[in-house]
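Down below is the structure, laid out as structure tokens.
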Amino acid sequence: MRTTAAVLLVLCLLTISHVAIKNLMQIDAGLGQVVATDTSQTPYYLVGNEWIRLPGSLRHITVGPTGIWGVSNGNLMFKYVAGNWVQFATGVNQLDAGEDQFVVVANMDYVPGCLSRSASLGFMGADSSLRGIRLPGAVKYSSCGHFGCWAVNKNDDIYLMSLNQDCQNNGWRHIDGKLSMIEVATDGSVFGVNSAGQVYTRDGITASKPEGTGWSNVPMYMPMKHVTYDLGRLWVISNSGFTMVCTH
């Protein structure tokens, strides 16, 4: 991966909050909304500069066109419905609310899956009979945006797939580089973190070239463990739990 600085991001500031939240573990941004969980597995939703605590206990949370979804420490998958978490599935490791109104998941055995638009939007309670669709390959983390779904496997290899709202796909295509986690914004921007805590962004992504042209390093002053991007803001969490937002 190239180590040139990403010109896009020129200012990083510690987030300001009226609620003292330390040790954030994971964060996700989409459609102007931001959600996060801390090391105590408390979920939060950002309103203005204030983190509002959500009910329940989650180690992973995501927000997007299909709503807010989460995964508990017991690997149970939930959707936030009318102020409560409603269980959808078991054995889930990670999920992403994605683009085009569908949800992608990776289970504990690295098997990827997809909830179609009808399943994602239609699920409202335990009495729903909706089910997910298995995808090919093996991944530990996946995320979708305007130009496709990106994923990394247990060896930190990177892959790209074209996936529509009915979960129809063309299989995974290997992309150069190594990342431990990867996030795709609604506008198609791709960011990730490698095993050394370095942040990278994918250059040159367009509708005609969804794989982009290469990776650029986004300089940080400390090792990072998680990243998400939305509406010109890159949210990063350091290994020590500090949360920063980087803007144009």
Side-chain angles (χ1 to χ4, degrees), residues 1-13 15 24 26-36 46 60-66 68-69 94-104 106 139 141-152 156-165 169 172-194 197-220 224-238 243-248:
M1 292 185 178
R2 291 187 294 131
T3 57
T4 54
V7 179
L8 170 68
L9 306 166
V10 297
L11 179 65
C12 290
L13 298 172
T15 57
L24 280 185
Q26 179 257 332
I27 191 167
D28 191 52
L31 298 178
Q33 304 175 84
V34 183
V35 292
L46 185 63
H60 187 91
I61 190 169
T62 181
V63 62
T66 62
I68 302 175
W69 298 72
Q94 179 266 340
L95 76 165
D96 183 75
E99 162 66 5
D100 205 17
Q101 299 182 342
F102 60 84
V103 174
V104 289
V139 305
Y141 200 108
S142 58
S143 181
C144 298
H146 191 58
F147 301 120
C149 294
W150 292 69
V152 295
D156 291 352
D157 299 317
I158 306 168
Y159 294 90
L160 171 65
M161 170 188 285
S162 176
L163 188 68
N164 68 16
Q165 61 184 220
N169 65 88
W172 295 106
R173 179 177 12 160
H174 181 255
I175 303 295
D176 63 288
K178 292 276 190 177
L179 292 173
S180 298
M181 63 82 56
I182 195 164
E183 281 287 340
V184 187
T186 303
D187 66 2
S189 300
V190 176
F191 290 86
V193 181
N194 67 12
Q198 298 169 316
V199 177
Y200 285 87
T201 183
R202 189 72 176 177
D203 302 320
I205 295 176
T206 63
S208 60
K209 195 174 182 61
E211 71 277 13
T213 56
W215 297 100
S216 289
N217 177 244
V218 182
M220 296 289 166
M224 298 297 167
K225 63 182 177 182
H226 204 89
V227 63
T228 187
Y229 179 82
D230 183 51
L231 299 179
R233 290 172 172 81
L234 179 69
W235 301 79
V236 289
I237 302 177
S238 74
T243 304
M244 294 180 287
V245 57
C246 307
T247 60
H248 289 254

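Ser143 pairs by the side-chain hydrogen bond (donor to acceptor under 3.5 Å, both in side chains) definition with Asp96, Glu183, not counting sequence neighbours. Considering only residues two or more places apart in sequence or on other chains, Gln33 meets the side-chain contact (heavy atoms from CB on, under 4.5 Å) condition with Leu31, Tyr45, Val63. Judged as a side-chain hydrogen bond (donor to acceptor under 3.5 Å, both in side chains), and not counting sequence neighbours, Trp150 has no contacts. The side-chain hydrogen bond (donor to acceptor under 3.5 Å, both in side chains) search around Asn169 returns none, not counting sequence neighbours. With sequence neighbours excluded, no residue forms a ring pair (Phe, Tyr, Trp, His ring centres under 6.0 Å) with Phe147. Here His146 pairs with nothing under the ring pair (Phe, Tyr, Trp, His ring centres under 6.0 Å) rule; sequence neighbours left out. Every residue two or more places apart in sequence or in another chain that forms a side-chain contact (heavy atoms from CB on, under 4.5 Å) with Ala36 is listed here: Leu24, Ile27, Trp51. In this structure, the salt bridge (charged side-chain N to carboxylate O under 4.0 Å, His left out) partners of Asp156, at least two apart in sequence or on a different chain, are Lys140. A search for side-chain contact (heavy atoms from CB on, under 4.5 Å) contacts involving Glu211 returns Leu160, Arg173, Ile175, Lys209, not counting sequence neighbours. Thr206 meets the side-chain hydrogen bond (donor to acceptor under 3.5 Å, both in side chains) test with Ser208; sequence neighbours excluded.
With rounding to the nearest 0.5 Å, the separation of SG in Cys246 from CE in Met220 is 3.5 Å. In this structure, the separation between OG on Ser238 and NE2 on His226 is 13.0 Å, given to the nearest 0.5 Å. Ile61 contributes atom CD1, which lies 8.5 Å from atom CG of Asp28 (distance to the nearest 0.5 angstrom). The distance from atom CD1 of Ile158 to atom CH2 of Trp172, rounded to the nearest 0.5 Å, is 12.0 Å.
Minimum interatomic distance between Ser189 and Phe191 (heavy atoms only, all atoms of both residues): CB-CE1, 4.0 Å. The two residues Gly148 and Val184 have their closest heavy-atom pair at O-CG1, 4.3 Å. Among all heavy-atom pairs drawn from Lys225 and Met181, the shortest one is O-CG, 3.8 Å. Here the closest non-hydrogen pair linking Cys144 and Val104 is SG-CG1, 3.6 Å. The shortest non-hydrogen separation linking Gly177 to Trp215 is CA-NE1, 4.4 Å.
Evaluated for a side-chain contact (heavy atoms from CB on, under 4.5 Å) with Ile182, the options Val139, Val152, Val193, Val227 yield exactly one hit, Val152.
Judged purely by atom type and a 3.5 angstrom limit, Thr62 uses its side chain to pair as donor or acceptor with the backbone of Ala97.
By the 4.5 Å heavy-atom criterion applied to side chains, Met244 and Val236 are counted as neighbours. Looking only at side-chain heavy atoms (C-beta outward), Leu179 and Tyr141 stay at 4.5 Å or farther from each other.
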- Step by step, work out the side chain to side chain contact (heavy atoms under 4.5 Å, CB included) result for Leu46 and Trp235. CA-CA 12 Å; Leu46 185 63; Trp235 301 79; 3.6 Å; yes
